[in-house]
Amino acid sequence: MELKVHNSLRRRLERFEALTPPHVGMYVCGPTVYSDPHLGHARAALAFDTVFRFLRFLGYRVRYVRNITDVGHLEDETAERGEDKILKRARLERVEPMEVVHRYTVSYHEGMRRLGCLPPSIEPTASGHIVEQIQVVQKIIEAGLAYEQDGSVYFDLEKYVHSGAGDTSGRTPYGALSGKVFEDLMANTRETAGGSDKKSPLDFALWKRAEPTHIMRWPSPWGEGFPGWHLECTTMSTRYLGETFDIHGGGLDLQFPHHEAEIAQSHGAFGRDPARYWLHSNMLTVAGQKMAKSIGNFITLEEMFSGSHPALDRGWDPMVVRFFMLQSHYRSTIDFSNEALGGAEKGFSRLQAMVGAAEDYLRREEGDVPDDRAPSVTGSVTGSVTGADLYRRTDAGPLEDPLAAAGRSAPAPGTLASPPGDGHAAAVADAIEACWSAMSDDFHTPRTIAALFDLGKLTLQPEHRKVAAETQGAAARTLLLFTREVLGLVPAEGHSRREGQGRREGPLDAALELLISLRQEARARRDFAAADAIRDKLAQAGIQLEDGKDGTTTWTAR
RNA sequence: GGCGCCGUACCCAAGUGGUAAGGGAGAGGACUGCAAAUCCUUCAUUCGCCGGUUCGAAUCCGGCCGGCGCCUCCA
């Protein structure tokens, strides 16, 4: 089995081959921290979190770099007098730019954490790499592909495009990534209002002269100014991943002009394409309409979780949002609606129940549960997960999976024995195989989820519980590891479920136990009115009681 | 105007030449004091429309209709 990814450079699926295995370098365009994180941020972060997780699961040592843009991103990149987003916000809120940056960086992190996105390995900021950016500008100038104009430096796009003819570095032609033709762009570009320093409207700023009122400014060979928005990604990806690295990701909206500019800059400065695989996550709509500031249907993560946005009937748990997004492929657009979210919530809770059952099974039958907790401190892989061995097996002969001993490995596709005539074992093997092949097919999370449901059903069906322990164990491990580790779907926030008898952890637990036992007594004397009243009141308070067949009562709070 | 995507059951969503995954909702049943949960069964002869290619098409080609996106804010 091989991993295939959709490369925007050629718009097709390509076999993924790491530049220097087992290492993988991945750069993803992060947020401009000038406002609260919204669903769009979630979509992009989630898409690449999935890529990150699966690559790690395969045993790659991934360095995942995602930047924080805290300077230089103008309100209107094409106009000459665009205002810096951070500065504008700082002016509106009457605070220091760095306060804006810090506040929204924190809220971005918080949102991503709640969505279960692992932190990147490195999260560099543009303002922290001014010196490096200046150096890149100088290199581009030396290459003759940039010009200075009144304290600003612009990339000479026309010259770059026309200099590409004899280029032997295998460079991606300008426009190829986003499917644009330079001449068309030129023809369609109208003259920007007001005087422009640029020689051509498509030239973009590498360095901008700071106006006297511009607070964020740094000294440079061209006077005081600040870096152009596209430059930071070129600079920081090179700094941490090298001049050419494996994967570059970002939202589809960044494909043009941002990523085209990055390719051009990389060639200007280093003479090579920055990334081998370009991955783009698609956009989302809200109730069938694009989510845009101008339409006013931007939903922030906080609004999503709390339900405070008018478009939402109520709040949705971050894990439900995650599950919902993973139910569509990252290259498809996804539409948010209350109805669709409601369906996702039910499905998510069912999947969790199945995973819980798998967990119970492993604990009971094998005395061990795979460590399903995602690393929470660092995004770096430990090097111990060796699913990748499964992929390399072709030339290396049978490998001893070091995790098998630890009881935490997911069985490799094709390794599960399925005795002839045992249709159930074969079905389980198929479902396990489907998990691997779906994720290996451009991180196809919807198909993976479908396979996980299949697996859960096959495992839970009473008539199938007597199959070989090996089969059951393999199913349980796959279900658990793919759900928790690969898809990052963990139980919803604040979700807790305990047996009606026993554990007491706090005063409220004790009070709840009391209510439950009072209700049990009422039921015992067939006073169902009283029993139902207790159950209804607790339900209103967000505590769901469930009576088991053996007379116990469990509760779930949310 | 340039480039591109999509249209599959009530909703969400896979499938891209071999006879329609999965989830939710709905229906019937088991269990239950009743719920809930769980389990079982059921739920598109059909894939926007019309032509064409093919032994065979949701899948390929052409046309039409409808929805959407990027090119400006925005992930």
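By convention in this document, chain letters (A, B, ...) are assigned in the order of the sequence lines, proteins followed by strands, and residues within each chain are numbered from 1.
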Quick one: is [X] getting a side-chain N or O under 4.0 Å of the [N] phosphate, OP1 or OP2?
X	N	value
A:Arg350	B:G23	yes
A:Lys457	B:G23	yes
A:His73	B:C73	no
A:Lys346	B:A25	yes

Ignoring hydrogens and angles, does a donor from either the side chain of [X] or the base of [N] sit under 3.5 Å from an acceptor on the other?
X	N	result
A:Arg535	B:A35	yes
A:Asn282	B:G69	no
A:Asp547	B:C34	yes

Expressed as a whole number of angstroms, how long is the span from [X]:[atom1] to [N]:[atom2]?
X	N	atom1	atom2	value
A:Asp335	B:G69	CG	P	10 Å
A:Ile68	B:A75	CD1	P	11 Å
A:Leu545	B:U32	CG	C1'	15 Å
A:Ile334	B:A13	CD1	C1'	10 Å
A:Glu183	B:C3	CD	C1'	15 Å

Between [options], which nucleotide has the shortest distance from any of its atoms to the side chain of [X]?
X	options	answer
A:Arg447	B:G15, B:G23, B:A75	B:G15
A:His444	B:A14, B:G4, B:A75	B:A14
A:Met283	B:C70, B:A14, B:A37	B:C70

Please work out if [X] contacts a base, only the sugar-phosphate, or nothing of the nucleic acid, heavy-atom cut-off 4.0 Å.
X	result
A:His38	base
A:Leu452	nothing
A:Ala450	base
A:Gly30	nothing
A:Arg12	nothing
A:Leu341	nothing
A:Tyr34	sugar-phosphate
A:Leu252	nothing
A:Phe453	sugar-phosphate
A:Gly40	base
A:Phe348	nothing

[N] pairs with, by Watson-Crick or G-U criteria that keep both distances under 3.5 Å:
N	result
B:G69	B:C3
B:C60	B:G52
B:C31	none
B:C47	none
B:U42	B:G26

Distance check, [atom1] atoms only: [N] and [M], in whole angstrom units.
N	M	atom1	result
B:A9	B:A27	C1'	15 Å
B:G29	B:G66	C1'	42 Å
B:G17	B:C40	C1'	36 Å
B:U19	B:G26	P	32 Å
B:C49	B:U42	P	28 Å
B:G2	B:U16	C1'	28 Å
B:C60	B:G22	P	23 Å
B:A13	B:U72	P	28 Å

### Task
Please examine the side chains of A:Tyr330 and A:His6, heavy atoms only from C-beta on, and report whether any two atoms are closer than 4.5 Å.
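Heavy-atom side-chain distance check passes, below 4.5 Å.
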### Message
Any heavy-atom pair between the side chains of A:Arg519 and A:Asp547 that's under 4.5 Å?
### Response
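A:Asp547 reaches A:Arg519 side chain to side chain.
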### Query
Can we call the ring centroids of A:Tyr64 and A:Phe48 under 6.0 Å apart?
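Ring-ring flag for A:Tyr64/A:Phe48: false, centres at least 6.0 Å apart.
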Side chains of [Y] and [X]: any donor to acceptor distance under 3.5 Å?
X	Y	result
A:Gln520	A:Thr553	yes
A:Asn282	A:Thr333	no
A:Asn67	A:Thr69	yes

### Task
Please determine if A:Asp253 and A:Lys290 form a salt bridge, counting it only when a charged side-chain N lies under 4.0 Å from a carboxylate O.
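The answer is no: the pair does not qualify as a salt bridge.
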### Task
Taking only Lys NZ, Arg NE, NH1 and NH2, and the carboxylate oxygens of Asp or Glu, determine whether A:Arg15 and A:Glu2 approach each other closer than 4.0 Å.
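A:Glu2 and A:Arg15: salt-bridged.
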